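Following: one structure in C-alpha cells, then a few remarks.
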Amino acid sequence: MDKHHSQLALAKCSRHQRYNEWVFRDVPSDIMIVVDGGTFSLHKFPLVSRSGRIRKLVAGHRDSDISMIELLSLPGGAESFELAAKFCYGVNFEITAANVAQLCCVSDYLEMTDEYSKNNLGSRAEEYLEVVVSKNLEMCVEVLKQCENLLPLADELKIVIRCIDAIASKACVEQIASSFSRLEYSSSGRLHMNRQAKCEGDWWIEDLSVLRIDLYQRVITAMKCRGVRPESIAASLVNYAQKELTKKSTSWNQSTQPKVDVVSGSNDHEKVVVETIVSLMPVEKLVVPITFLFGLLRSAVMLDCTVACRLDLERRIGSQLDIATLDDLLIPSFHNAGETLFDVNTVHRILVSFSQQEDSDEDMDDVSVFESDSPTSPSQTALFKVAKLVDNYLAEIAPDANLKLNKFIAIAESLPAHARTIHDGLYRAIDVYLKAHQALSDPDRRRLCKLIDFQKLSQESGAHAAQNERLPLQSIVQVLYFEQMRLRNALFCSYPDDDHKPMHQSWRINSGAVSAAMSPRDNYASLRRENKELKLELARMRMRLNDLEKDHVCMKKNMEKSNSQRFMSTFTKKIGKLNIFGHSSSKESSSPSKRSQVTDSKLTERT
C-alpha cells in the first residue's frame, strides 16, 4: 500500500510535467549547476519554475546572463540534486524511506515549496514522511540512518525528532501488546504473566544496531521516557555493543552470556561508544549481565575512558559481585608497563564499592530487616561468595613477582572480618605469595600472616600450616596451640562424664569462631531477641518479687496479730491468778459500790 502511494504521487508528477522531458530533449543547455560531487548541464526554465533559490540566483544576475551556479553546500550532494532535477524535469522516480530525508532537505535548501509551484517536491516529501514513514518502525530507522549525513538540517526540519518519537511509541506499543499476549490463567484461576514465554515485542533491537551512536543515544533516551522495559533497553545496549566493539567469533562464551573483547587498537569512536552505552544503562540491578559489565570495563580501561565512566562500571559490578567469576576479575593491566600482570587497583576499587554497599545496607533503619528469623541474610550469603572469590583471586595473582605486599594485603582486607567462615582459601593464597616472594623480611611475613585467623582453619589446612616452614615461628605456635585445643575438645567430647572444664574452654574457642562469622546485622538481630527475652524475664521476676513482698507483709501482719492476741491472753491469765480485784474462782460478780466498800475497809484496817 505504501509503495502504491508513492507510485501514485509520481504518476501525477509525470502527467503534469511529461512535456518538459519532451520539449528539452533536443534543446541545448543554458546553465551549469555545480554541486559537491558533480556538475550538471541543465536548462533554466524547468529549474526556476520549481526552485525559488535558483530563481533568485538567476534573477540576481540577469544582466550578466549567468550560465553557472555553484551549490556546494547543498545537503546530500550530487545524489540529492539529481533527484530534485528529475522532479523539475518530470522524470519518474519513486519516493522511498531511503531517499525521503534527502528530498525533504534538498527541497528546503532549493526552496521547492508550494509557493513557487503547486504540489512541489517539499510537500510531496512531507506527505510521504507523515503518512507512510511515521507508521512503520523499520522505515523510521531507515530514515534516521539517512539523516546521519544530513545533519544539522535534518534536525532543523524536525525529521530526526519525528522519527525518534515514532520509534519510541511503536516500541512501547509492541511491548504492551507482547505483554498482553503472555498473560495466562493459572491453575487457581488467577491471571498472571508467563515469564518463561519468549518476549516477541523486542524485535526492534536488531534494527536499532545500524544507527550511529549519537542517534542511537537519542532513541534509547526517548524509549526510557516512554517506559520501555529496562530488560529490553539492556538487551539493545548489549546487541549494539556487540556490533560496534566485538569480534563475531568472541561474541558469546559457553555460558551464553555476552562477552566483550575489544578489537586491538584504541579508537576514538570506540571510546565514545563505551562511554555512551555506560551512560544509557538502566539503574535497575541485575538487568545488565555482569560479564558484559566486565567486558565494558576492560574496554574502558584499554581505551582510557573518563574516570566517571569507569567508576560507574565499577559501582555496577560491585552491586552484583557475588555472581561474578574468577575470569571476570582477571582484568589485564594495559597501561602499567613493568607493573603487575593484572589490574589490581581496579579490582580493589570494585571490592571497596561492594563493601561500602554492604555497610549502607547494614545502616538501614528498617527494624524488620534486623529482626528477620532467617539464619543468614542474602547479604551474608553474598559476602561468603565474594570472600571465596577474593581468596581465589589472591591465589591467582600471588605468583606475580611485581605484586607489592601492600596491594595484596589491601585486597585481602577489603572485606569485613565476618565475611570468611573458613580461612583455608586465604591461607592457600598467602602460602603461594610467600613461596613466590621468598625475599620477604620476617616483619613482613608476620604482618602478612596476621590476616589469617588460625581458629578458622580446617583440620587439613591446620596440619599443613603446622609443618609449613615458610610461616613465621609465632604463627606456627598459634597453629599448634589451636590444634591442641581442638584435639582436647575432640577427646573430651568422646568422654562426656570426665572433667568438663577443658570442654568449656575449647567450646569457647569454637563459639568465638562461629560468632565471628556472623555479620553485624545477624549479631544485632540476635541481641535484640535476647534483649526482649531478658526484659520479659525481668518483668516476671518483678511480678514474683511483688508477690513475695505482699506475702511477706501479710505474714508479718498475721504474726503481729497472733503475737498480740497470745500476749493479751497470757497477761489476762497472770492477772487473774493475782486476784487483784478480789475475783473468786467461781467468777462471782460484784457491783462497783460493793467493790469500793471492800477496798476502802481494807485500806482502813491497814492504816
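On a predicted model such as this, the values are computed, not experimentally measured, just so you know.
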_salt bridge (Lys or Arg N to Asp or Glu O under 4.0 Å), that's the test. Do D391 and R420 meet it? Break it down for me._
CA-CA 10 Å; D391 292 344; R420 295 180 175 90; 3.0 Å; yes
*Hey, mind stepping through H423 and Y427 against ring-ring contact (aromatic ring centres under 6.0 Å, His included) and telling me if it holds?*
CA-CA 6 Å; H423 277 216; Y427 165 72; over 10 Å; no
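Without hydrogens or angle criteria, S236 side chain to I233 main chain gives no donor-acceptor distance under 3.5 Å. Side-chain atoms of S353 never come within 3.5 Å of backbone atoms of R349 as a donor-acceptor pair (strictly under, hydrogens ignored). Here the side chain of K145 pairs a donor or acceptor atom with the backbone of V210 at under 3.5 angstrom.
Atom CG in N406 sits 8.5 Å away from atom CG in D444 (nearest 0.5 Å). The CD1 atom of I167 lies 11.0 Å from the CZ atom of R218; values are rounded to the nearest 0.5 Å. Here the CG atom belonging to N402 is positioned 12.0 Å from the CD1 atom belonging to I397, to the nearest 0.5 angstrom.
You'll find the side chain of D214 reaches within 4.5 Å of the side chain of L151, heavy atoms only. Under the 4.5 Å side-chain criterion, counting only non-hydrogen atoms from C-beta, K450 is not in contact with Q474. At a threshold of 4.5 Å between non-hydrogen side-chain atoms, the residues N392 and R428 count as touching.
Counted by atom type alone, S319 and K285 present zero donor-acceptor pairs between their side chains at under 3.5 Å.
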